[in-house]
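Throughout, a chain's letter reflects where its sequence line sits, starting with A, and its residues are numbered from 1.
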Number of protein chains: 2
Amino acid sequence: MQSLKSRGRARESAAVATAGDNDAHAGTLQRSIRQRLIDAIAAGVYPAGRRLPSSRKLARQLGVARNTVVIVYQQLVAEGHLIARERSGFYVNEEVAKRRLRVDRVGGPAAPQPVTEWDHRFRRRTRVSDTWRYPPDWQKFPFPFIEGRFDRSLFPVTEWREATRLALGLREIEQWSIDSGEADDPFLIEQIRTKVLPRRGITARPDEILITLGTRQALDLVTELFVDQTTPVAMEAPGNPAMHDLLAAQLAPIIYQPVDEDGIVVDSRLDTARLVYVTPSHQRPTAATLSVARRRALLDLATSRDFVILEDDFECETNYLDDAFPALRSMPGGERVLYVGALSRVLAPGLRLGFLVAAPEVVSEARRLRALVTRHPPLNNQRTAALFLSLGHYDTTVLRLGRIFRERLIALRDALNHYRPQSIAISPVRGGTTYWVRGPEGIDARDLARQAEARGVLIEPVGHYYTDSSGPTNVFRMGITGIPIEHIRDGVAALADVIREMSGGETLPAEERDQRWLGGVALRRKLSGATLLYKTVYGDPCTIELHEDGRMIGRAGYANEDRDSGRWWIEGDLWCRQWEEWAYGEVSRLRTRIDGDRIRWYRAEGPFVGRLVDSAVYVSPRKSNLDQQVT
Amino acid sequence: MQSLKSRGRARESAAVATAGDNDAHAGTLQRSIRQRLIDAIAAGVYPAGRRLPSSRKLARQLGVARNTVVIVYQQLVAEGHLIARERSGFYVNEEVAKRRLRVDRVGGPAAPQPVTEWDHRFRRRTRVSDTWRYPPDWQKFPFPFIEGRFDRSLFPVTEWREATRLALGLREIEQWSIDSGEADDPFLIEQIRTKVLPRRGITARPDEILITLGTRQALDLVTELFVDQTTPVAMEAPGNPAMHDLLAAQLAPIIYQPVDEDGIVVDSRLDTARLVYVTPSHQRPTAATLSVARRRALLDLATSRDFVILEDDFECETNYLDDAFPALRSMPGGERVLYVGALSRVLAPGLRLGFLVAAPEVVSEARRLRALVTRHPPLNNQRTAALFLSLGHYDTTVLRLGRIFRERLIALRDALNHYRPQSIAISPVRGGTTYWVRGPEGIDARDLARQAEARGVLIEPVGHYYTDSSGPTNVFRMGITGIPIEHIRDGVAALADVIREMSGGETLPAEERDQRWLGGVALRRKLSGATLLYKTVYGDPCTIELHEDGRMIGRAGYANEDRDSGRWWIEGDLWCRQWEEWAYGEVSRLRTRIDGDRIRWYRAEGPFVGRLVDSAVYVSPRKSNLDQQVT
């Protein structure tokens, strides 16, 4: 029943009519209406000087209390967006609107056609390498086995809110709102000095600490300061691609030093280096921990050959599987170590808070350079992080994350052990958040990653950690920082399915193909009373006793600390087993053969025999009985 | 009446006994007690496993309610710092304490003696220039005429708090806590695109915008991308020293292009440049505004000579003295402009939020480079700034700051006009926040700055804006972003005192020394009915009529829009005057001489004649009477 005359206004009101909807950026109805009105003014729906609909009318059209609209109008008047005129209503403040419109008219939009030849103008000597890119919406994938991307559920929401609220105090704002020149927040320096560095064994004076935008800026500053085309620099191979790009941009001669299960190899190839870049806690990307002996050797070599060590401890807070090894910087000879760390694992990578610990001369020079290229990391975040630390939230968050990461990493290990036995190529011993996993020979990890992505599984091929094509093509990384524990097993199972499909029939080696499987009768005879000796995927010994009555006892670990029991039986020519807890308590039905002292199981699928599932040392019933008598 | 036995505990309680004091980082008593306890645990006052004093006892010793202590203890238990044991009390959680102590023992502090030879290890080809440094505690000085440092009272506290609270919503945290890879917050991009850039006349697509750590990172990225030793780059002289350092680090051939009152001179010296760096809104450091004709000429030259323009609009929001000129980027031909801006004037420099607007190809390349050196600016700040903008606080803050800066700049102009007439060397016409001020010939601005600092006055010598010694030694800059308006006049007066003292007797030029001052009788005869013609310090004409009855009428401005009246009289041989409002309504007593059509006044101090205070065109009573008859 709307009159023609009121139609114009009705259209305007429609511009804010969705204000009652759920708005992603406003908590309350008032805020929502307010924002819509401002957007409508900005978009010119209400031009400068235009009278807004009466509060009564807008309230009716939005279906909200009139008072809600009145409050919003009054707020907008107080802020200068609107002007209230006695007995007339609310008008768009011409002064606010004019400023924008005026420039709009004078300038006009830039011509749309591009200047196409930008490429030939770029003068940078080296391009930034393409890196492996996860889909930007990785959080929507059910099985994101990716590394370093943060599961948002891990963020210490309550504690961060508390620290933020404190940092919004007037006295706090007075301190962080100003441009400090080169200085960092002394309060944050003090907190890192007393609450973070002692966990790594590091003692530092305030002038030995520089706050950086994550570890990345610290690496950039150090490279820029210490490296040119006359400075040989050693880095791990495989290694951090960002470091490679930073060194390449300086035209530095790069020494690629191999990595094994104990981390970077320390030998005479490092002799000519002026700087050695290492990731000791969990080598990037293999997650191997640098052994204490290697640490000592590296420091001794640095002293005798007079080179500087750049220690990147980007995961300094995830040494949870065992006691942390002390940082190189904390050991005798550590004066020549430039230590780089971050709060990213505890305080979310989005905040970009890292730090450099080094001699005062180095920090001073890095500070000047930082001032030139970015000035300082945002001071409000520095102060908020300092308050977070001072309230003791750091220790508790580290503990909590350590517990979660440990559980997740064990879950991943167990799942790989079950679905892809023997596939973990390097087993981190001090925590970390990734596994270096080997796929079947001949499979290309990049193809695998693409096909797995289609099933919701994200993994990382490792080619970009090698500077040439020397890297293994069938290796990939699986990380646990971004995946909830309850998704890990299903994710590994789905990945195993993809691998099986890609491998096709996964044909047997020729020498195995001609051999016959054990039939039911022979199976029962050979296995009743036998003992099987394994190594678990994480290197521990494991013994399984198969009793004649169908009971099955398993003991794993050097002190048999992990035990389980189960049943075994024969169905036709298949050997069947089921543990109480191990292997998720599932029934396995397997074809079996025994060659000398090896027993091998194959998946029984369809008419053809599937791939090798597992193998063990076979100790025959007679021998194992003898052993038992001896014991 | 303390027993020996309880002494140990009493000492421990003393560790938190100051908890009731005013604590700079905690709002409430609870938080304060909590923090002290955590610090005491960290410091080992309460070692791992130690029982804490009972809540009753600690409450008594701190003089607080027992419940306060109980709540703190329970909170610490919930967070894992303490463990509660039934009927026994609260104990320090060994797990938390152990982790820190364990590493402490293993590592040990780094050896104290420094590796002294760091200097010879630095490989950077150019050092970062020394810049003029204000004292770090500049906010404590009564008269900080400094530039770019933010008066903390200007920060939009309430509005920023509102935006921060919204950014702490769970859904918001989920978005900003993760590492986004290379991406910026799309919400902030959209807000800059629709609310900030239109004010400068700029239309941009989302892929044409990159968020940077202030303007500084944008300049660094552009330099790194576009410049090497084969790329001639032109910059203003005097100019931004940071840009000089960035260019020098790339070994770029630099063309120093002069600046006058219309900004950078556009002529054939720019022909060979591949990149031209300009600060059009308010030239850094002179504050001159690039005229529209020069803008057009620069863009035309860029097109015909095919160079790229880097437009640094670091003060994009302080064009308040008149309508803003549109940005170069917004004008026809602007496709080859790389536009750099910041929210630092509105959102506090401490937050470090800037942006680059350029062709998508350039933004894409700069984004890769940014990812390598710092990844992305902190996402929590990006989201908070986006919310701030979306709530409409940007427009109103710009308006408020414009009003404040305008008042301050006019107050500075008036004070300089009064205490140091004719000293403003370049007068910005479109706002800005600084004046380029000339001291007496022969005075060294660096000496002046040092001596003024001792009186609480901070000014900036300009030598570091010149790459060689070609700059004027007696020029300095005075800024108003950091000084309250009520301090401006006293600050200029104090500075004028310092200048007078440094100039000593400020001897007269020889040709003036031999001349005699007008005595009382001659003075009255010459001045009764005379007219004096000035130019004000800001270039407007000003007429003063001296009536015979001692009245004095002043009119300034092209339309005489500024008027005042006052009195003049003779005391002995001194000419005295007092305005109602002009010259702060103060009495001036001056020695006077007239040479032809010039009248000059000198300060009358002690037995000797002081320095020249002011001069004007003198129109004699007879002539001015004639003029009046003619009119």
Is B:Arg34 close to chain A through its backbone or its side chain, or both, or neither, when contacts mean heavy atoms under 4.5 Å? side chain
Choice from A:Gln217, A:Arg368, A:Gln382 maximising heavy atom contacts with chain B below 4.5 Å: A:Arg368
Under 4.5 Å, counting heavy-atom pairs only, tell me which of B:Asp220, B:Leu246, B:Thr164, B:Leu168 racks up the most with chain A. B:Leu168
What's the verdict on salt bridge (Lys or Arg N to Asp or Glu O under 4.0 Å) for A:Arg133 and B:Glu182, showing C-alpha distance, side-chain angles and the deciding distance? CA-CA 10 Å; A:Arg133 284 166 204 254; B:Glu182 295 185 349; 3.6 Å; yes
Which portion of B:Thr230 sits near chain A, non-hydrogen atoms under 4.5 angstrom: side chain
Closest approach of A:Leu213 and A:Pro378, non-hydrogen atoms and distance? CD2-CD, 4.3 Å
In terms of heavy-atom proximity below 4.5 Å to chain A, should B:Leu170 be classed as side chain, backbone, both, or neither? both
Cut-off 4.5 Å, heavy atoms of chain A, and the answer for B:Leu369 is both
Please determine whether salt bridge (Lys or Arg N to Asp or Glu O under 4.0 Å) holds for the pair B:Arg274 and B:Asp228, giving the CA-CA distance in whole Å, both sets of side-chain angles, and the decisive distance to 0.1 Å. CA-CA 11 Å; B:Arg274 307 307 304 139; B:Asp228 67 6; over 6 Å; no
If one checks every heavy atom of B:Phe155 against chain A at 4.5 Å, the contacting part turns out to be side chain
Measuring heavy-atom distances to chain A, does B:Ala167 have an atom under 4.5 Å in its side chain, in its backbone, in both, or in neither? neither
What part of A:Glu159 gets closer than 4.5 Å to chain B, counting heavy atoms only: side chain, backbone, both or neither? neither
Residues passing the side-chain hydrogen bond (donor to acceptor under 3.5 Å, both in side chains) test with B:Ser153, sequence neighbours excluded, are B:Asp151
From B:Leu379 CG over to B:Thr384 OG1, what is the distance, rounded to the nearest 0.5 angstrom? 10.5 Å
Drop me the distance from B:Glu172's CD to B:Arg165's CZ, to the nearest 0.5 angstrom. 14.0 Å
Honestly, the part of A:Glu174 sitting under 4.5 Å from a heavy atom of chain B is both
Side chain to side chain contact (heavy atoms under 4.5 Å, CB included) filter on B:Arg400, not counting sequence neighbours, yields B:Pro156, B:Thr397, B:Arg403, B:Ile404
Scored by heavy-atom pairs under 4.5 Å with chain A, the best of B:Val157, B:Asn381, B:Val227, B:Thr231 is B:Asn381
Highest number of heavy-atom pairs under 4.5 Å with chain B among A:Thr215, A:Leu372, A:Asn380 belongs to A:Leu372
Looking only at side-chain N and O atoms, does B:Gln229 offer a donor or acceptor that is under 3.5 Å from a partner on B:Gln250? no
